[in-house]
Peer 1: 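Let me give you the structure first, and then I'll get to my questions.
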Amino acid sequence: MERVARAFWLNSPGHGGIRDVVLPEPAEGEVVVRTLCSGVSRGTEALVFRGGVPESQYGAMRAPFQEGDFPGPVKYGYLNVGVVEEGPRELVGRTVFCLFPHQTRYVVPASAVTPVPEGVPAERAVLAGTVETAVNALWDAAPLLGDRITVIGAGMVGASVAALLARYPAVRVQLVDADPARAELAKALGVDFALPEEAEGERDLVVHASASEAGLARSLELLAPEGTVIELSWYGDRRISVPLGEAFHSRRLTVRSSQVGTVSPVRGGRRGYADRLALALELLADPALDALVTGECAFEELPGVMARIAAGELPGLCHRVRY
């Protein structure tokens, strides 16, 4: 009997739809997963939906189980939580996370799913990919005991970084965003909040995740001498000016990129992708991270919802999709 699932596709930039998908029979070592919920990685998926991925980055931006090619038609996404219906005995019935697009059921190698720990609800586990990005960024940043740290941009990634930094001993963390409503988010995560013009200076480390030219400029302004900006923003096909005049050289400042596609060299020799993802899922035992989920819709509503997210009409952080 034919197994049929339903999947969300970007048919062309700005236009999404739901298609029927015929699933293959699972081979030995594969699992059949029924999706419980998925998450929209707002910044990246909005960029993909608008057709804003630069041609030079088509290969680098491919998701692990992407079908089709940029700018479309393409099936894209990577925050999926489901339950294993068929496969190895030790996985059947387990709730798992997978870097799979928005689809009702799917077949993947058993090695592609990571069991969700007891105590982490499926609804929160959709944040695993974003928290994994934050883990990698903090491996790159290597904050020290007592550091003064600012995170600029209280989106999904920035808020995840701030949430993890809140656990560091004696570290003073300030979350900065142009939207004063994000003060409530900062409070939920246990960190201070400031608008850009009110942010504290002389910071040892600034993590920039606002994806704005103004945010990057402000990041450099807030650094203490010898300080570092960890640049997490993804600008797509936009050109960004970086202010390297004034005190940039005299204060010996550093701008360093961080990207989740590669395990940080600081840990790369000892930790792999699976280790990093498993750690992210463990960290999601903290209920404070529920504050990062700010919207929800049914799977059937996703085409219209993605259009509103990409157009900026539906603000928020992680948007969860119910199945």
Side-chain angles (χ1 to χ4, degrees), residues 41 43-44 57 59-64 78-79 97 99 111-112 114 117 127-176 189-191 202-211 215-216 219-220 222-235 242 244 248 251-286 289 292:
S41 183
T44 303
Q57 296 301 299
M61 282 286 291
R62 285 194 69 86
Y78 46 82
L79 301 176
F97 177 86
L99 297 168
S111 59
T114 302
L127 296 167
T130 306
V131 173
E132 183 185 9
T133 300
V135 168
N136 206 60
L138 292 178
W139 281 351
D140 281 334
L144 300 177
L145 188 73
D147 271 358
R148 299 157 297 179
I149 305 174
T150 294
V151 180
I152 294 186
M156 283 179 66
V157 172
S160 295
V161 171
L164 299 190
L165 282 170
R167 304 173 177 209
Y168 278 64
V171 165
R172 287 170 284 176
V173 185
Q174 188 169 67
L175 184 59
V176 174
L189 299 178
V191 299
E202 295 299 301
R203 312 304 274 180
D204 301 296
L205 173 69
V206 176
V207 180
H208 180 235
S210 79
L216 179 54
S219 298
L220 289 167
L222 297 179
L223 286 177
E226 304 278 350
T228 297
V229 170
I230 297 294
E231 177 58 278
L232 274 175
S233 301
W234 168 240
Y235 298 98
V242 184
L244 300 182
F248 180 79
R251 292 168 70 86
R252 297 176 57 84
L253 306 181
T254 298
V255 179
R256 182 178 179 186
S257 68
S258 178
Q259 208 274 340
V260 73
T262 301
V263 175
S264 170
V266 178
R267 292 290 181 270
R270 300 186 297 278
R271 304 285 183 88
Y273 293 98
D275 299 311
R276 191 178 63 184
L277 180 56
L279 174 59
L281 282 162
E282 288 177 21
L283 292 168
L284 280 164
D286 186 352
L289 289 160
L292 274 64

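Numbering starts at 1 and runs along the sequence shown.
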Peer 1: Does the side chain of V206 reach to within under 4.5 Å of the side chain of I230, using non-hydrogen atoms?
Peer 2: no
Peer 1: State which residue, out of T114, L127, V131, fulfils the side-chain contact (heavy atoms from CB on, under 4.5 Å) condition with L281.
Peer 2: T114
Peer 1: When you compare the side chain of H208 with that of L232, does any pair of heavy atoms fall below 4.5 Å?
Peer 2: no
Peer 1: With a 4.5 Å cut-off on side-chain heavy atoms, are R271 and W139 touching?
Peer 2: yes
Peer 1: Does CZ in R167 sit with more than 12 non-hydrogen atoms of other residues, nucleotides or ligands closer than 6.0 Å?
Peer 2: yes
Peer 1: Should D275 and R270 count as an ion pair when the cut-off is N to O under 4.0 Å?
Peer 2: no
Peer 1: Kindly give the heavy-atom pair with the smallest separation between E132 and L277, and that separation in Å.
Peer 2: OE1-CD1, 3.7 Å
Peer 1: Taking all heavy atoms of E226 and all of L253, pick out the closest pair and write down the distance.
Peer 2: N-CD2, 4.2 Å
Peer 1: So which heavy atom on P169 is nearest to which on L145, and how close?
Peer 2: O-CD1, 3.2 Å
Peer 1: Please list, chain by chain and in numerical order, all residues satisfying side chain to side chain contact (heavy atoms under 4.5 Å, CB included) with Y168, sequence neighbours excluded.
Peer 2: L138, P143, L165, V171
Peer 1: Quick check against the 3.5 Å criterion: does R276 have a side-chain atom that pairs as donor or acceptor with the backbone of S264?
Peer 2: no
Peer 1: Keeping the roles fixed (side chain from R203, backbone from I149), state whether a donor-acceptor pair exists under 3.5 Å.
Peer 2: yes
Peer 1: So, do E231 and S233 sit near enough that their side-chain heavy atoms are less than 4.5 Å apart?
Peer 2: yes
Peer 1: Under 3.5 Å, is there a donor-acceptor pair between the side chain of N136 and the main chain of T262?
Peer 2: yes
Peer 1: Does the distance from a Lys or Arg side-chain N to an Asp or Glu carboxylate O, for E202 and R251, drop under 4.0 Å?
Peer 2: yes
